[in-house]
Enquirer: 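This is the structure I have questions about; it appears just below.
We name chains A, B, ... by the order of the sequence lines, and we start the count at 1 in each one.
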2 protein chains.
Amino acid sequence: MPVPGDQWQQGRLATAVVVLPEGTTPTGTRGRVLHAALGLFAARGFHGTSIREIGAAAGINSATLYGYYSSKELILAELVLIGHRELHRRLLETVAEVADPVERLTALVRTHVLVHTDFSLLSVVTNSELHVLSAELAAPSLALRAASEQLRLDALTDGVRDGSFDLSDVRLAARAISGMGQRVGNWFGPGQDHTREQVAEAFVCFALRLAGHRER
Amino acid sequence: MPVPGDQWQQGRLATAVVVLPEGTTPTGTRGRVLHAALGLFAARGFHGTSIREIGAAAGINSATLYGYYSSKELILAELVLIGHRELHRRLLETVAEVADPVERLTALVRTHVLVHTDFSLLSVVTNSELHVLSAELAAPSLALRAASEQLRLDALTDGVRDGSFDLSDVRLAARAISGMGQRVGNWFGPGQDHTREQVAEAFVCFALRLAGHRER
DNA sequence: GTCTATAACTTGATAGAC
DNA sequence: GTCTATCAAGTTATAGAC
């Protein structure tokens, strides 16, 4: 029965550690259920994981799960929302009161990458299992995703306006930048020979170049 | 019962058309089964799709499927292999006898993007359901994937050597470039306001900038 | 809170008629 | 080739004892 912090390796991802953001995440048995589901959903997908497996991984009987979550879908919904909340919260935090568009893009990319290295399993679940949720359960996460995308768009648009960036299509640039960051969750792990900081710094450099950054 | 060419919209992807590469793909009923599975796997995932749904979408009874494929996993295996083969074949084709690293990277990114726009559903299945396959069935696709990645690495490495590119870590650059291209399959579709060519040209520009391209 | 037991249903796959 | 019928196993979720 894996507990938070256990190594986890299977299927679609590099070896990774089962961790969730602190503070906003349930503790106790409910927290163990969430961590167990995180590892399993990341490795095998929502439909590839059974309630019984989640229970076993959390060290309880599958029936006991229903004392904490009234359906399997609600476990996924909580994970997906935690993932989107954490990313959006940290993106907001890093650009708060940063006026310069170049500094803003730098901070956004750096944070985006670090969230994907630090919570790689959560990122994989958040990005690749969201589609399983009903429209109602997916809505809040989709809103957060759109808000995060808007932060990137704003930085790029402002930078083009003041001449820091050189782009003919900021939307495509925003998609390219977020795409390269999103994939980090799929290959980054403890077995890696890059540190989280190295990846973040490299990707910041890539994003600035991609945006046509030049000194004004 | 959707047939090849039908529009398809659900869950994790933009509206897209169910198409497979011509020539190398089965025709007749076997082809219809493959197209049906492609649309369903892309939208709901392998484990989220039942044999009965595939049969219904192909216009035959689920039992009849087993005359063409002896297991559900083998349908996925064929799709995933077709996807990896098509990408690798077209990448090889575009760089054949191209000596200049800049031209090679340009061709690789352009083709990579176009394969993801033209076969977006296949790209989604190929990238996000490969992990479901047993090691034996996944092996040939993984080999093709590694070979494709090597083409990018070679172009970048050669470009750094002759001074066309400026990179301190070609592996991270290759991952960033392939990451931004891979995501194209998830958002590109007929409802889009960019053409396939616009996306390809923009991403080529992004990749060259990212690689630190400069005239020699 | 946690368990055993089980209901109600769906799953992948097969047998055998036509 | 295609179907109907069916199997055995697995699924989510619930009822009720402790």
Enquirer: Can A:Arg171 and B:Asp193 be counted as an ion pair, charged N to O under 4.0 angstrom?
Expert: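 Here A:Arg171 pairs with B:Asp193 in a salt bridge, since their nearest N and O are under 4.0 Å apart.
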Enquirer: Does the distance from a Lys or Arg side-chain N to an Asp or Glu carboxylate O, for B:Asp154 and B:Arg104, drop under 4.0 Å?
Expert: no
Enquirer: Under 4.0 Å between a Lys/Arg side-chain N and an Asp/Glu carboxylate O for B:Glu86 and B:Arg90?
Expert: yes
Enquirer: OH of B:Tyr68 versus C1' of D:dG1: gap in Å, rounded?
Expert: 6 Å
Enquirer: Is it true that A:Arg44 and A:Glu53 have a side-chain N and a carboxylate O under 4.0 angstrom from each other?
Expert: yes
Enquirer: Rounding to an integer number of Å, can you tell me how far A:His47 NE2 sits from C:dT10 C1'?
Expert: 13 Å
Enquirer: Roughly how bent is the helix from C:dG1-D:dC18 to C:dC18-D:dG1 end to end, in steps of 10 degrees, with each end axis from five pairs?
Expert: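 What I find for the helix from C:dG1-D:dC18 to C:dC18-D:dG1 is an axis angle of 0°.
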Enquirer: Does B:Glu93 have any side chain to side chain donor-acceptor pair (under 3.5 Å) partners at least two apart in sequence or in another chain, and if so, which?
Expert: B:Arg89
Enquirer: Can a cation-pi geometry be assigned to B:Arg30 and B:Tyr69, taking NZ or CZ under 6.0 Å from the six-membered ring centre and within 45° of the ring axis?
Expert: yes
Enquirer: Evaluate side-chain hydrogen bond (donor to acceptor under 3.5 Å, both in side chains) for A:Asn186 paired with A:His116, printing each intermediate quantity in order.
Expert: CA-CA 9 Å; A:Asn186 290 83; A:His116 282 75; over 6 Å; no
Enquirer: With the sugar-phosphate defined as primed atoms, P, OP1 and OP2, and the base as all remaining atoms, what B/S/- string results for nucleotides 11-18 of chain D, 5' to 3', for protein heavy atoms under 4.0 Å?
Expert: BBBB----
Enquirer: How many whole angstroms separate atom CG of B:Leu65 from atom P of C:dT14?
Expert: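 It is 12 Å, rounded to the nearest whole Å.
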Enquirer: Contact class for B:Tyr69 vs. all strands (heavy atom < 4.0 Å): base, sugar-phosphate, or nothing?
Expert: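 If one applies the 4.0 Å heavy-atom cut-off, B:Tyr69 turns out to touch nothing in the nucleic acid.
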Enquirer: Can you check whether B:Thr64 has a side-chain N or O nearer than 4.0 Å to OP1 or OP2 of D:dC3?
Expert: yes
Enquirer: Take A:Cys205 and A:Glu201 through the side chain to side chain contact (heavy atoms under 4.5 Å, CB included) test and state the conclusion after the steps.
Expert: CA-CA 6 Å; A:Cys205 168; A:Glu201 271 181 46; over 6 Å; no
